[in-house]
Amino acid sequence: MADYSKEEIKRIEGKWRTIWDQRGDYRVSNDSPKPKYYVLDMFPYPSGAGLHVGHPLGYIASDIVSRYKRLKGFNVLHPMGFDAFGLPAEQYAIQTGQHPRVTTEKNISTYRSQLSNLGFSYDWSRKVDTSDPSYYKWTQWIFMQLFNSWYNRAGVSDLNHGKAEPIATLIAHFEKHGNQGIQAYCDEPAVVFSAKEWQSFTAVQREDILQRYRIAYLAETMVNWCAALGTVLSNDEVKDGVSERGGYPVERLKMLQWNMRISAYAERLLSGLDTIDWPEPVREMQKNWIGKSVGCELDFPLLTENASDDQLAVRVFTTRIDTIYGVTFMVIAPEHELVEKITTKDQRAAVTSYVEIAKNRSERERMSEVKRISGVFTGAYVKNPFNGEKVPVWVADYVLAGYGTGAVMAVPCSDTRDYAFAKHFDLPVIPVLEGPHADITKENFEPKSGKMINSDFLNGLLWNDAIEKAAERVETMKIGVRRVNYRMRDAIFGRQRYWGEPFPVYFKDGIPTLVNESDLPVTLPEIDAYKPTETGEPPLGRAKDWNYNGYTYELTTMPGWAGSSWYWFRYMDPQNDKEFCGKSAQKYWRDVDLYIGGSEHATGHLLYSRFWCKALKDLGYVDAEEPFLKLINQGHIQGVSKLAYRINGTNTFVSYNLRKEYEVTPIHVDISIVNGDVLDIERFKAWRDDLRDSEFKLEAGQYICGSEVEKMSKRYYNVVNPDDIVSSYGADTLRMYEMFLGPLEISKPWNTHGIDGVYKFLRRFWNLFHDAQGVFRVSEEMATQQELKVLHKTLKKVAHDIEQFSFNTSVSEFMICSNELNSMKCNKRVILEPLVIALAPFAPHLGEELWQLLGHTTPLLDATFPIYDESYLKENAFEYPISINGKVRAKMNFALDMPREDIEKVVLASEAVQKWTEGKAPKKIIVVPGRIVNVVI
RNA sequence: GCCCGGGUGGUGAAAUUGGUAGACACGCAGGACUUAAAAUCCUGUGGAUAGUAAUAUCUGUGCGGGUUCGACUCCCGCCCCGGGCACCA
């Protein structure tokens, strides 16, 4: 007796997991004549809460694709691992003294067992763990390569391209020519030096210069310091002036920090987006983050009575050089170096106090006061180089020191911020554009519109032609150059934390120096507590006897994104202890064909990974310019929280529809003690001690809870554990149900209501193979045309849907197929066997069991996905809807190869059409073969 | 404010990309089996009107207009929801 019952499911699924494991079905070889296909999931951070039903959504999809591609004859790499360094384990360590390694290992093993319950086809022998020394050895090694390189822009026509090269080539150049003739992407060097000077520099001075060129470098930078977390955060970890994790306040501080010169790659990161198949929103986000703007940089010479100052000029960056005749004032950032120098005596007091206030205002305050206009006149004037007009210079904090030159030429007639500023301080506005949308005072204002006026040689031109012409003039006048600016800043690469990769760096006479490659990895030392030292050093400052030949190590650790910026390479060759990824593995797998994960990583992980991939390519270690060819963002499964309403100041709860009559505070109730919307009052009282004496105001004898859709989280008591679903329905049902829920990319709340439908389908499918007594039985008869048609229609749709990543419709397709076969009472092997193969990517356990019952001894994954045959789908006739004036009024059958004219004749002569046309000849008749016949009267 | 997505039954959603809107599933209603319930199976199910009925007609994809023989799909204007960016010159 084998009904597809709960017990039977448990038996089947357990059995196959064991067999897969023992037989090694999912081991992947790097040496195969088959074409490769690499399917990657964004690896999880193993949190203490374990997996909830939302996590596997993307993993299920990628597993379906992996299994499908294997059946299609590809050698598929489908690995899984853990992004194991991170803050929660460390916070937990600070509170409990428990070593983060211990917590992390425990969490990893929970995750692994939860994942294997779902029947994923991962090759676990390729598991990576970013916190394992054998892994982070190579993270450190990559850091060393980046430290030892610079970005050369020479020899490339487009200045913004170029590539990373070993630092030795730069030093060789310095020795011969100083830093002249170098086209490097670097911090503006304060000095230009000759070869002679270079040779005269001390080691410290030389290193100081090299740091300006290295791709991984140490520099004094403004950082986002989060005192509560005791660490710096990158820009993408700060949201609205508070930390993304925990929501603690963040302030701007200047600190000596490790950085990554990602800005050197801005142009390649941008143009590379056109070569990869990624969702539009992610590409947009990366484009915005990179923030390219093309314009001009030019000098406005300072006008002053003081003769010694006449060298000074204010350099501005503008994308709208065409509007230069509309400049009526100039604004520089409070932090601008010229503020000191140019402010006149009369204005000094006002300027100093303004600058003081602006500097002390935190980023957060500055953001929240975006709309407030403030600024102060410096007393200084510059000369507009185009028309010689005298232009007053103001200081205002709406101009940012960190972007462009920290100074703007204000054109109030075409820029809304400049306009607001001009209005507020009563500065003049000169219109330079004329057209229906060119008036800034009007609602329909459009800055890029109209024709130039009041602009001398530009008059009459369109704005974009004027930009071109004005830019030419700037260059011929030698007052400036065309320039491209990027909003993207270099990435901070250091944390004042314990649980991260140590830097392979020590300090020798104040010079940051790399350890020998043979001394990698630099392992995390044991320390007695995981918090900063009393003197404010990072936790690693507590380590005893931790040094490199007597020299002190760098005490910060690498940020969370270090380990995840190259992990897909490690999966290709995970055991290699000579290289981070061997050449031959690299050649075979090359890049990721399909990457599935959440869009929250759009400007973090996904950008850093592209950056490292490009840098490694420049240095000759990898072949791929882009790591992830196709990206899919799976949506998030949200939780449905249940709420009870407590009357303020009492222990009485009112039912949902009565809550408006009282002052109430909603509290989250554990969803396991709510049935539908009805609260189980006894279990509620037993749930928490403080609720034992609760009283209730009921409606219709029941307590009804409210609901809210929010993030699935322990904190809201709305977590659904996949293990629970697996134990009552089985992994196959859960897998199919999660796919059935809707399109992969869409976020949706979890509800278990529909899961029965999927379970019933699987049971019915199972029953096709079993007789009324539950004994396995298939017929060896030939299939009928009709049965073959059902089979091939299903195969065609399912294959097509999987390739389109439209898994919800493929599940529906299987249901339709099974319903049809059921009503035909078809139990023929020739029909059922191909369906088992096609269904197996979705329901691998069930598939494998039926495959075995059908008499196969080899793994199902070695089978071939059945090829559908169009000829079975061909109809010789088609039932045409006959529409009259757009409305379907009749249906008629015609052979598919029947000529249009003949169809027209028959349709016109038909009774149905005669009735509607009342005998009159129609205006027009349109026959779309295989679709519709439309009669227009 | 700017840039992306998206609005289809009671619910989750389909729609071969301009060709019978609502497939498939949940829920609901009715029926069969059963002493009864659960489970299972069958039937119906966007709305309105007419009819004992089979059925027929109208209406219907956020709102208003347009293109077309034909629009959920394309174009213009508006409303609402979700996501991202936010003084970037």
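Worth knowing before you read on, the calculation uses all heavy atoms, side chains too, and leaves out hydrogens, waters and symmetry mates. Here is how names work: the chains are called A, B, and so on, in the same order as the sequence lines, proteins then strands, and each is numbered from 1.
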Quiz item: cation-pi between A:R283 and A:W289, 6.0 Å / 45°: no

Short side-chain N/O contact from A:S293 to OP1 or OP2 of B:rA89, under 4.0 Å: yes

Gap between atoms CD1 and P, on A:I932 and B:rA71 respectively (whole Å): 11 Å

N-glycosidic conformation, B:rG47 - syn within 90 degrees of 0, else anti: anti

Separation of atom NZ in A:K760 from atom C1' in B:rC24, rounded to whole Å: 13 Å

From B:rC41, B:rA89, B:rA14, nucleotide with atom closest to A:P743 side chain: B:rA14

Short side-chain N/O contact to B:rA89 OP1/OP2 from A:Y403, under 4.0 Å: yes

Closest-nucleotide 5' rank along RNA chain B - winner of A:M285 and A:I755: A:I755

P gap between B:rA86 and B:rU68, integer Å: 45 Å

A:Y872 and A:H792 aromatic ring geometry - parallel, tilted or perpendicular at 30°/60° bounds: parallel

Distance in angstrom units between A:Y737 OH and B:rC26 C1', rounded: 8 Å

Span that lies between the C1' atom of B:rG7 and that of B:rC63, in whole angstrom: 11 Å

CA sep, side-chain torsions, deciding dist, call: A:E468, A:R482, salt bridge (charged side-chain N to carboxylate O under 4.0 Å, His left out): CA-CA 10 Å; A:E468 192 47 40; A:R482 286 169 205 257; 3.2 Å; yes

Parallel, tilted or perpendicular: rings of A:W766 and A:Y4 (30°, 60°): tilted

5'-most by nearest nucleotide on RNA chain B - A:S812 or A:S806: A:S806

Sugar-phosphate only, base, or nothing, as touched by A:L741 at under 4.0 Å among non-hydrogen atoms: sugar-phosphate

A:V408, nearest nucleotide to its side chain (from B:rA13, B:rA89, B:rC26): B:rA89

Chi class for B:rU11: syn within 90° of 0, otherwise anti: anti

Interatomic distance at C1', B:rA48 relative to B:rG60, whole Å: 10 Å

